[in-house]
Amino acid sequence: MKALLLTPLLAAALLVRCRAPDGCAPVSTRCAGNVAEICNADGNWQTLADCDAVSEHSSTSFTCAYVNEEGVAGHTCLPTSVDAGTVDAGTVDAGATEGGVL
């Protein structure tokens, strides 16, 4: 009887874990809307930072942007008032390249 009760739970757990990979390269980053995402070791995108949530918890507005400074490159949340000369504020959808580690 216990086996009958555990079978659906085990099946549900396996289906969640057996998600097809998104096909991204591990540690690459991107902006998905106003959310910075990073590719995990399984090749799936996961949330790194929700810039809207960061804005709600701070006294300034944040946006997802691509940063490439001193050998560190990737997408993250930046204040919207950041000098455009220090970052490439493009997103993957706008033509910026994926890659780098935050």
Verdict with supporting geometry, Val72 and Val67, side chain to side chain contact (heavy atoms under 4.5 Å, CB included): CA-CA 8 Å; Val72 177; Val67 178; over 6 Å; no
Chi angles and distances behind the disulfide (SG to SG under 2.5 Å) call for Cys51, Cys64: CA-CA 6 Å; Cys51 301; Cys64 186; 4.7 Å; no
Derivation of the side chain to side chain contact (heavy atoms under 4.5 Å, CB included) call for Glu37 and Leu48: CA-CA 5 Å; Glu37 294 182 331; Leu48 180 63; 5.7 Å; no
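When all heavy atoms are compared, the tightest approach of Gly74 to Thr29 is CA-OG1, 3.3 Å. For the residue pair Cys39 and Ala25, the shortest heavy atom distance occurs at CB-O, 3.2 Å.
For Thr47, the side chain to side chain contact (heavy atoms under 4.5 Å, CB included) partners at least two apart in sequence or on another chain are Val35. Checked against side chain to side chain donor-acceptor pair (under 3.5 Å), Thr63 has the following partners two or more places apart in sequence or in another chain: Asn34.
At a threshold of 4.5 Å between non-hydrogen side-chain atoms, the residues Phe62 and Ser81 do not count as touching.
Distance check: Cys77 SG to His75 NE2 gives 11.5 Å after rounding to the nearest 0.5 Å. For the atom pair CG of Asn44 and CD1 of Ile38, the computed distance is 13.0 Å after rounding to the nearest 0.5 Å. In this structure, CZ on Arg30 lies 7.0 Å from SG on Cys24, to the nearest 0.5 angstrom.
Distance alone, capped at 3.5 Å, places no donor-acceptor pair between the Asp52 side chain and the Ser55 backbone.
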